[in-house]
Amino acid sequence: MSRPEVQGRVRRATLPNGLTVLGEFDGHAETVALGYFVRSGARDELPQELGASHFIEHLLFKGSDRTSGRDLNLRLDALGASVNAFTSEETTVYHAACLPEAWAELLFLLTELMRPAFRDEDVEVERGVILEEIAMYADDPSSRTFDELHARAWGAHPLGHLVLGTPQTVANLTPERLRANFEARYAAGSVSLVASGLFDWDALLREADALTRGWPGGAFQRALSPHAFPRGVHVLPGPDLARANVALLAPGLRADHPHREAAVVLADILGGDNGRLYWSLVDSGLADSVDLSHVEFEEVGAFEGAWSCDPERAAPTLEIARAEFARVQEGSVTDAEVARARKKLAVSVALRAETPYARLFTLGMDHLYLGRTPSVTESVAAFERVSRRDVEALLAARPFDALTVVAHGPLAADLRATLKP
Amino acid sequence: MPGGLTVLFEPRSGPGFALELRLPVGAAHDPLGQEGTAALVEEWLHKGAGERDARALADAFDDLGLRRGGGVNHESTRFGIGGLSADFSRALQLLADTVRRPLLPKEELPTLLDLARQDLEGLADSPPDRLAVALRGRAFGAPYAHPASGTPGGLTAITPASARAWWRRHYGGRGAVLTVVGELREAEVFAQAGAAFGTWDGGGGELPEVSFHADFVAHEEGESQQTHLSALFSGVSPTEADWLAFHVALGALSGGSASRLFQEVREERGLAYSVSASASVTGGRGFAWAYAGSTPERAGETLSVLLGEFERLSAGIGEGEFERARAQLLTATVFGAESARGRASALARDWLSLGRVRLPAELRAELRALTRPHVNDFLARRPFTEAAVMTLGPAPLALPTLRSAHVPA
C-alpha cells in the first residue's frame, strides 16, 4: 500500500487494489463512524436502467454469498449500531456509527455488505419495496414538483436521471443487469473507506487491507458533459391539490469551483431563514414557506428553490421572486447581508463538526469532490473570506435570467401564458 | 431563579454552546374555540421584540450566526439556540427579549393567521399528514384532538387581544426550564441567566388530562398512490416503572433492521418501504404509534401483519431480541449525548416530564439492570390489544381478522 499521507488530523492511504482509506481521529469522541463512499450514482446509469444504483444500494443489505441478509441485520442490530445508506446522482454511501469497542465487527459487517449476492428471490422482494418507495414519493406534491423540475431543467443530461428510477425501469431490472452494473461501478478504485472519531488508524488500515484483499481493482470512468439549462415555465397539473407548489432552478457553480462558497452565501442571502425571498413572500403572507439552496455536482451546479402558496398566488409570487432576483443582479447586495450570511454558514460548519457521524459525511464528500479534506478551520475560513465583490462577480453572469420553473397544483390551463418565461 | 425558571447547565468541551428554553404550555392550552393560539403566539414573537422590529431582530440573531430551532406541540413550547461560546451571553439576551418583551404588533396578526390557514390546507395535500391529523382527531378528546397548528374555525376566532392575553397568562418562568450545554463557566451561565430571566415570573399551566378512544377502524377517502395506515395503542409514560421495558419491547418490534416489523413487512414480504412503530407521549400518557404505507392491493396484508405483530408481542420476546433492543438503547444514550443540541434538548425534556435529569450513565445502569423476564412480564400484563386504526387511500380495506393474522414461527 502507499505510504499514508498526513494532512492535519487526517490520514489517507491507498491499498494495493486501489481502495482509498481515509480517517480523522478525534481523541475526545465517544463513538466512531465508518462509511464506504462509492463514486457512482444515478447519472452513471443507462437510460433504460434508471434506478439501478439505488436498487443495488437496497440489495447490499440482502447479504453476501457467505452471510445472509438476515444475519447481517442481526449482527448489526446486536452492535447497537446505527446503519444506513443513500444514493444520489453521483454517489452511493453506506454509513454507520457505533461505540469504539465495536469498530472491528462493524467494519467487517460493512465490508461484507459490499460483496452482495444478488440472489433472485431477494431481488424480487426488494423490487416490491422499491416500487412502494416510488409510490410513497409519488404521494408527496413537493417530490413530484422537483422530479418535474429536474426533468425540464436537465433534459437528456444524465444528472436528470431519477434516482429511484421509474416503475417501468425498476420492473425491468434483472439480477444479471444489476450485477453487471455493480461490477462495472464498484471496483476498489471507485470506493473510499472513511472513518471518523475514536479509532486506531493502524488497526483500521490493517483490517481494511485484510478484508478487501479480494476486491477487483480498477475504477469506473465517468463521462462528464457541460450543460446549459433551458429557460422555461411549466405547469404540472394537480387538480386535486389544495395548494400550488412552485419550484425553480438557475445555473450555479460546480462542487470544486473556487467560488462555490460565494454561491452558498448568495443562496442564503436570497433563500435563507432571513433572506430576501422570506421577507417578500412569507413575511407578507403570500407563501407559507420558501427556501433556496445551492446544489453542486462534478461539472456543474445550480440554485434550487421552492415555495407553496394558494393556487391563485402562483403567478404573482413568481413575479415577486423574479423581481428579487433582478434586484440582486442589479447590484443591491449589501456588505451587511454578506457578513450575516457568511457568519451563519461559518458557525454552522464549525458546529456540524461536533459528532463523528456528522463529520464523516463532510470528510467523505470533500474527498470525493475536492480530492482533499480541508480541516474544519479551513472550511470555516473559506466562508469567512467571502466578500460582497465575490458575490457580485457571480451575479455579473446574471444566473437568474435563465430560470427553469415548474408550478404544480390546481392551476388554470392558461396559467402558462401568465407565467411568461 | 426567583421568578420560577429552572436553569440547568452541563459543561462540555467544544467550540459551541446549545441552549433550550422549554415552557410547559402548548396547543393543549389553546382556548376552546381558538385552537391554534399557542403556535400562533410563538410565530408572533418573532415579529419584533425589545427595541427591534422583526427584521432587526432576525438580523441580530444572524449577526452572531446563531442557529435557531424550536416549535410548539401539545405539551410544550420550545426555543433552541446554538452558536459559538463567545456569543452565549448575547444569545441569551436576544432570547429573553423575544419571549419577555415581544412587540406583538397587531397589524401582523392577520398575516400570521392566514399563514396558519395555509399551513393547515397544506396538510391536506400530504396523505401521511392528513392521516395523522384524522387519527388524532378521532382517538383523542379535546384539547388533544386538534393539530397544534389549529383548526380553520379556531384560527378565525383568534384576535390580537385574545392572543396577547394568552401570551401574558402562559409565558413565564413558572414550571419552565432553561438548559445550557457548552464550554462555559458555571458561575457565568447562572449570572447571565439570572440577569436575563431572574425576575421572569407567572406563566405555566396545568397539563389537561387526555382521553383516548381506542377500538375503532376507520377509513378516510383519498386519491393517493399508496394506502397509508396508522395504528395507535396505549403505551407507557416516562414516569411509570415500565417505561424502559416498553421501549425495549418497541425496539424488538421496530428498533432495527432485524426487528419484527421491518423483517415481516419489508424484508420478508416487500410490502412497504416505510414501516415503523415508536413511543410517544400525549398529555402525560404514553402511546405507541405505528405507520406503514403500501399500494392499495397490498395494504390489507400490510395492516394484517402490522396488527398481528403487535398482538404477538404479548407472548413475549426472545433472548436475542431482548439483547439487541437493549444494545440499541444503550448506544442511543451515547449518541444522544454527543451533540450539545441533542443534550440540551434531552435535559429539558427530562425536566418537564420527570422533574429531574437523567445522566446517560444512570440510564445505562437502569438498562443493564433490566431483564428479559421483566420485559415479558410487562408485555403479558399490558398487551397491545386495543388500537385506534385509521387508513387513508382510494378504498377502505377489508377488516383484518386479528386471530387469523400471520404468526411467524
Which value, rounded to the nearest 0.5 Å, describes the distance between L84(B) atom CG and K343(A) atom NZ? 5.5 Å
For K62(A) and E267(B), indicate whether the former's side chain and the latter's backbone hold a donor-acceptor pair under 3.5 Å. yes
Heavy-atom proximity to chain A below 4.5 Å, by part of L64(B): backbone
Quick check: are there more than 12 heavy atoms from other residues, nucleotides or ligands sitting under 6.0 Å from CZ of R341(B)? no
Determine whether a donor-acceptor pair (N or O, by modelled atom type, separation under 3.5 Å) exists between the side chain of D125(B) and the backbone of R243(A). yes
Between L113(B) and chain A, with a heavy-atom cut-off of 4.5 Å, which part of the residue counts as in contact: side chain, backbone, both or neither? neither
Identify which part of D139(A) has an atom lying under 4.5 Å from any heavy atom of chain B, answering side chain, backbone, both or neither. both
Taking L115(B), D87(B), T111(B) one by one, which has the highest count of heavy-atom pairs under 4.5 Å against chain A? L115(B)
Distance from D273(A) atom CG to R68(B) atom CZ, nearest 0.5 Å? 7.5 Å
Sidechain-backbone polar pair: E354(A) side chain, G14(B) backbone, donor-acceptor under 3.5 Å: no
Charged N-O contact under 4.0 Å between K47(B) and D283(A): yes
Whatever's closer than 4.5 Å to a heavy atom in chain B on L345(A) counts as neither
Judged by atom type as modelled, is there a donor-acceptor pair below 3.5 Å linking the side chain of E132(A) to the main-chain atoms of S274(B)? no
Nearest heavy-atom approach of A81(A) to Q328(B) is O-NE2, 4.3 Å
Tell me if the OH atom of Y137(A) is crowded by more than 12 foreign heavy atoms within 6.0 Å. no
Top contributor to chain B interface from G285(A), A29(A), G409(A), S348(A) [non-hydrogen pairs under 4.5 Å]: G285(A)
Tell me, yes or no, whether the heavy-atom count around E107(B) atom CD, taken from other residues, nucleotides or ligands under 6.0 Å, exceeds 12. yes
Between OG of S224(B) and CG of D240(A), what distance do you get to the nearest 0.5 Å? 10.5 Å
Sidechain-backbone polar pair: E126(A) side chain, G270(B) backbone, donor-acceptor under 3.5 Å: no
Between R266(B) and chain A, with a heavy-atom cut-off of 4.5 Å, which part of the residue counts as in contact: side chain, backbone, both or neither? both
Looking at E105(A), I want to see if its CD is surrounded by more than 12 non-hydrogen atoms of other residues, nucleotides or ligands under 6.0 Å. yes
Below 4.5 Å from any heavy atom of chain A, which atoms of E321(B) appear? Answer side chain, backbone, both or neither. neither
Highest number of heavy-atom pairs under 4.5 Å with chain B: which of A97(A), A350(A), S82(A), A339(A)? A97(A)
Most heavy-atom pairs under 4.5 Å with chain A, out of H228(B), E323(B), E108(B), belong to H228(B)
Pairwise side-chain contact, Q118(B) with S308(A), heavy-atom cut-off 4.5 Å (strictly under): no
Got a second to check how far D62(B)'s CG is from R342(A)'s CZ, nearest 0.5 Å? 13.0 Å
Is there a side-chain contact between N274(A) and D59(B) (heavy atoms, below 4.5 Å)? yes
Which of S13(B), A58(B), G16(B) touches chain A most, by non-hydrogen pairs under 4.5 Å: A58(B)
Is Y278(A) close to chain B through its backbone or its side chain, or both, or neither, when contacts mean heavy atoms under 4.5 Å? side chain
Give the minimum heavy-atom separation between V129(A) and Y273(B), together with the two atoms involved. O-CB, 3.7 Å
With a 4.5 angstrom heavy-atom cut-off, is it the side chain or the backbone of A358(A) that approaches chain B, or both, or neither? neither
Segment of S289(A) engaging chain B (4.5 angstrom heavy-atom cut-off): neither
Among S339(B), A337(B), A124(B), single out the residue with the greatest number of heavy-atom pairs under 4.5 Å to chain A. S339(B)
Per-residue tally against chain A (heavy atom, under 4.5 Å) across E268(B), R298(B), E223(B) peaks at R298(B)
Taking side chain as C-beta onward, heavy atoms only, is M136(A) less than 4.5 Å from Q225(B)? no
What's the verdict on salt bridge (Lys or Arg N to Asp or Glu O under 4.0 Å) for D310(A) and R117(B), showing C-alpha distance, side-chain angles and the deciding distance? CA-CA 10 Å; D310(A) 290 346; R117(B) 187 264 313 161; 2.7 Å; yes
pair T295(B)-L131(A): side-chain heavy atoms closer than 4.5 Å: no
The interface call for A332(B) against chain A, heavy-atom contacts under 4.5 Å, is neither
Most contacts with chain B, counted as non-hydrogen pairs under 4.5 angstrom, among V125(A), D140(A), D122(A): V125(A)
Nearest 0.5 Å, please: how far is CG in L66(B) from NZ in K344(A)? 10.5 Å
I'd like to verify something: which residue of G255(B), A54(B), G82(B), S126(B) has the highest number of heavy-atom pairs under 4.5 Å with chain A? A54(B)
Chain B neighbours within residues 69-80 of chain A, where any heavy atom lies under 4.5 Å away: R70(A), N73(A), L74(A), D77(A), A78(A), L79(A), G80(A)
Just how far is it from atom CZ of R12(B) to atom NE2 of H28(A), taken to the nearest 0.5 Å? 12.5 Å
